[in-house]
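A quick write-up on the structure given underneath.
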Amino acid sequence: MLRAAVATLRRWMNPDRVLRVTPMGRVYLVLTLGVGVGALNTGNNLLYLVLAFLLSSIIVSGVLSERVVRDLTVRRLLPDGAFAHEPFPIRYELRRRRGHAFAVAVREASTLMNAGAFAAVVSAAGPTVVRATALAPRRGPWALAAVEVSTTFPFGIFEKKRTIALADTLLVYPRRGFACEVSTAGQRQVPGDASSGAARGGTADVADLRELVPGEDARRVHWRRSAALGKPVVVVREREERRQHVLRVDPTTPSEALDSACEAAAGQARRLLADGWSVGLEVGGARLRPGSGALHERRLLAALALAGYGDAG
Amino acid sequence: MSRPLETLARDVTASIAFGAVAVSGSVPGPVLLAFPVALGLSLRGVRPLAGRRSASVVLLLAVAAALFGWATFGRLELIVAAVAFAVLVNCHRLVAEPSPQTTRQVLLTSLLVITGGAVLVGDVRFALFVFGFIVAASWTMARMVLDGPEGRREPGIDEAPARRQVAYGLGLTLALGVVLFVVFPRLSWNQAMARAPPGLGGVTGMSESVRLGGGGDIKTNPRVVFRVSLDPDPLTESLEAYWVGRHFTRFDGRQWSSTGTAQPPTRRVLMPFPRRRGARSVKQDIVLSSAYGSRTLVALDVPMHFLNGRSVGLGGAVPMNLSRVPDDQVLAMLEGNEIGYEAISVDEPSFDTSAPPASATELPALDPRVRALAVELKGPAKAPLDVATRFERELTRRYAYTLALPGEVDDPLVDFLFVRRAGHCEDFATALAVLLRIEGIPSRVTTGFLGGQRAGARYHVRAGDAHAWTEAYVDGAWRRFDATPEAGRSASPPAWLSAAIVAYETVEEWWRLRVLDYSVRDQFAFVRDVLRWPSGTDEAGEARGASLTPTGRGALVVSLATVALLALLFLPRRRGRGTHPASGLLDAIEATLRARGVDTGGKPLEEFSQSLTATNHPLGPALAHVTRRYLEARFGARPLGPREQRALLATLETPPGPSAG
């Protein structure tokens, strides 16, 4: 009980609140000051009356805005991925335990993530989801430490802001729309490091089965037939293996050049994948084996987003 | 909020602010005309200044230069010029392109205008305008805030909770404003505010002079100007008594003025009349209201003694000195919300035997027709008393009473006697006084009141009872002669109007006492009353139960109401409107977890439960069960009883047993 009281007192004494005066509030404060000086100078009680109401509006603004921001919980709903220099949505789920909150603005505390969402009313009856549009200036893992919840309710003369710690990481993929031509050598299967398609097997219909030879990739073993035949057999497919391409990015490249390299690699990967290539990636010592499909593309983008940030790959 | 509604709310706010200064009567006519025009255009959606920013700014600057130029050359008071300019800026904004920015500008300029109203308007109407302005401006601002930074209202928003919240805010603003007004230290001893006349118009006419052809609505004004209790009480409903205020003896053909100079102030003023045995005296306890508007004391004819003067304010009565101006009047030496004093009069017409001053027989240059009329009206009468009585009777018989004023004429007396042949009490009193002087009889014009209506134990005398009559020095004493026809001597308003006026005056008295004249002395009195510990004895020393003073009780009630309002806003409610019953369980779960040293970190319960389960936290399984049950109760159709709630919470409180593995 005592601990709870002390905690409550501490919260009251050191609230994570910032009070900012809006442009309208600045004029309001100047007028209030003027009325105050006039009242003190002249002794006119009607000026005192106006002054009293101006001051009480300021106090009531503080009281009601505190009521708005003190009982709000925020959950951030990040998108699967975002591309640098492209607007992307961030959604916030606002909840209230009791009563209502009004004119709630939510914004990322990170200045680079310029997201801002607004909810006119947040009710305890259910969560309110609002959408903000954000923009990341460059690729990489963006650490989102907190969100700022603010309101100018009720009179718009002050903005009360509360910072809510909400740790999260948003992976920003390299910028789109920047792709160099893939070298012609690559189209002859050796752009970068292309390996033999026969070593991997194809993806078309099954043509035959043959016995596994030593040194061959065990993943091509057809286990059911092998069990039936009592010896390991591998699948032989009709079509030739898909062309493969492994992109290389040197993570030790200086920062801006690395960003450009990643953007180029991402553009190439997207183009190659669209042309039916299997695309792999090597970033420093880490390697992503060639593959295809949307999921693989995401993996490539994620690896490129993390390139140079220490834990790439 | 849709734009038209926002614009309408803005226009209403600006109109209220304009009304506050318009009723002052100080704002120049063109400005008074400009605002309704701008408002009309705004309401019709006509925006002639939209997109003409530069031209309109130049126009405003020119208007500002003109207004302040007038102020510089003394043609306009500076504060009036400032208020007029603020009103014109509002006009400009009303007919500009509507936008949130414009709305904010209108609201702020309206605030300036209403502040100007505080200086220009002093009566209780200002309270109504201030109240209306606070409500309208707060509402407009709150709606703008709810529109968000984009200025667009989200569709499907339930506005009812917001309306309730703004209503709470308004209530708090008003209550807190009153408290701040009471406690804000009055650091200035100045009282620079012009004491505006009471809201219902002109007052008693106790001016420094009586100017013929001037005047106004005095006779039709039903405001109570003083209340009096009489001893002995005549116990009549209507008191047809003459109340003497001032005597005027010097007449220049157009205007009556005073001659005497005030004597040093004293606590009591005794008229220098010799006392006579057997004369019946009447004691009066008189309170001049704020509507009286003068420091001249009145008393029943013939006044003999003035004493116990006091200036009455919120902090109580302050003793006050009185001063006599020989042959003229008795003055209060302080101003106050109300002036109280006692007077003793003698009910005997010829009691005042003071010798007439030389000016009582002086005559200005007169039209020969006036002297001829004196001869005609005098007839065969010889004795001064007969002459005076005959003049009085003939004037009453031959001339009519009217409130219509002649305006500026060369000779008001001639205009009354020979042109219009009708006038009001001052015309009759002047004519009679001049006719008497023509016949060599000293005379003077007396202003005061005639009447008095019973109200409870006291009599009320109204501004409409203001009257003027003549006194002639006949047979060694001043005697009263009233030539005004009966119909014009006093005006009694209808009963309903009297009741309405009394109600208004009650409010206005309260306003003047509690607001306009509130001072640092009243603050001390307030603090003293609030802090005074209830005593067991009353003023007479008799035992009574301990109780707070009225001020203390009021302060207690206001404090409790404020605390209750704040509690209503902030304290958790288990089943408040808009709160699901299961929300109480959520609070209890979180409290239990906190007690166990587990912090949810602000995460939603479902997510937090999953994280506990993922990390094999000992509380994970129990919390998962509780969470599932909570979600069923919150979002499903499976209500949760109090007993089950307690059981669920108990599973979180019980320490987990030893792991089976």
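Naming convention: chains lettered A, B, ... in sequence-line order (proteins, then strands); numbering from 1 in each chain. Since this is a predicted model, take the numbers as computed values, not measurements. Computation of the quantities below employed the complete heavy-atom set of this structure, encompassing side-chain atoms and omitting hydrogens, waters and symmetry-equivalent molecules.
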Does the A:Ser56 side chain pair with the main chain of B:Thr173, one donor and one acceptor, at a distance under 3.5 Å?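 Yes, the answer is positive, given that a donor and an acceptor are paired below the 3.5 Å cut-off.
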List the steps, then state whether side chain to side chain contact (heavy atoms under 4.5 Å, CB included) holds for A:Met24 with B:Leu107. CA-CA 10 Å; A:Met24 185 189 183; B:Leu107 293 179; 4.2 Å; yes
In Å, rounded to the nearest 0.5 Å, how long is the span from [atom1] of [X] to [atom2] of [Y]?
| X | Y | atom1 | atom2 | value |
| --- | --- | --- | --- | --- |
| A:Arg98 | B:Leu586 | CZ | CG | 11.0 Å |
| B:Leu176 | A:Ile59 | CG | CD1 | 4.5 Å |
| B:Thr115 | A:Leu31 | OG1 | CG | 7.0 Å |
| B:Leu146 | A:Phe118 | CG | CZ | 6.5 Å |
| B:Glu607 | A:Arg75 | CD | CZ | 5.0 Å |
| A:His100 | B:Arg164 | NE2 | CZ | 6.5 Å |

Evaluate the side chain to side chain contact (heavy atoms under 4.5 Å, CB included) criterion for residues A:Phe53 and B:Leu180: first the C-alpha distance (whole Å), next the side-chain angles of each, then the deciding distance (0.1 Å), finally the verdict. CA-CA 8 Å; A:Phe53 285 127; B:Leu180 286 173; over 6 Å; no
For the student: nearest non-hydrogen atoms of [X] and [Y], plus distance:
| X | Y | value |
| --- | --- | --- |
| A:Leu46 | B:Trp511 | CD2-CZ2, 3.3 Å |
| A:Ala52 | B:Gly177 | CB-O, 3.2 Å |
| A:Asn45 | B:Val515 | ND2-O, 2.8 Å |

Check against ring-ring contact (aromatic ring centres under 6.0 Å, His included), A:Tyr48 and B:Phe184: CA-CA 8 Å; A:Tyr48 276 112; B:Phe184 198 96; 5.8 Å; yes
Going through the checks in order, is the side chain to side chain contact (heavy atoms under 4.5 Å, CB included) test met by A:Val60 and B:Tyr168? CA-CA 10 Å; A:Val60 169; B:Tyr168 273 134; over 6 Å; no
Please determine, among A:Leu47, A:Val50, A:Thr73, A:Ile58, the option with the most heavy-atom pairs under 4.5 Å with chain B.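 Option with the top pair count is A:Leu47.
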Tell me whether B:Glu77 at atom CD has more than 12 heavy atoms from other residues, nucleotides or ligands lying less than 6.0 Å away.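 Counting other residues, nucleotides and ligands, CD of B:Glu77 stays at 12 neighbours or fewer.
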Residues of residues 127-138 of chain B near chain A, each having a heavy atom less than 4.5 Å away: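 Hits under 4.5 Å: B:Val130, B:Ile134, B:Ser138.
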Is it the side chain or the backbone of A:Ser57 that comes within 4.5 Å of chain B heavy atoms, both, or neither?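 For A:Ser57, backbone and side chain are both near chain B.
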Chain B heavy atoms under 4.5 Å from A:Leu51: which part of the residue, side chain, backbone, both or neither?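 Contact with chain B is through the side chain of A:Leu51 alone.
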Proximity of residues 155-164 of chain A to chain B, residues having a non-hydrogen atom under 4.5 angstrom: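 Interface residues of residues 155-164 of chain A: A:Phe155, A:Gly156.
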B:Val178 and A:Leu49: side chain to side chain contact (heavy atoms under 4.5 Å, CB included), yes or no, with the steps? CA-CA 8 Å; B:Val178 170; A:Leu49 188 70; over 6 Å; no
Looking only at heavy atoms and a cut-off of under 4.5 Å, which of B:Val145, B:Val183, B:Val182 has the most pairs with chain A?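 Option with the top pair count is B:Val145.
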Under 4.0 Å between a Lys/Arg side-chain N and an Asp/Glu carboxylate O for A:Arg97 and B:Glu590?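 Looking at A:Arg97 and B:Glu590, the cut-off is met.
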Which region of B:Leu108, side chain (C-beta onward) or backbone (N, CA, C, O), has a non-hydrogen atom less than 4.5 Å from a non-hydrogen atom of chain A, or is it both or neither?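 Contact with chain A involves both backbone and side-chain atoms of B:Leu108.
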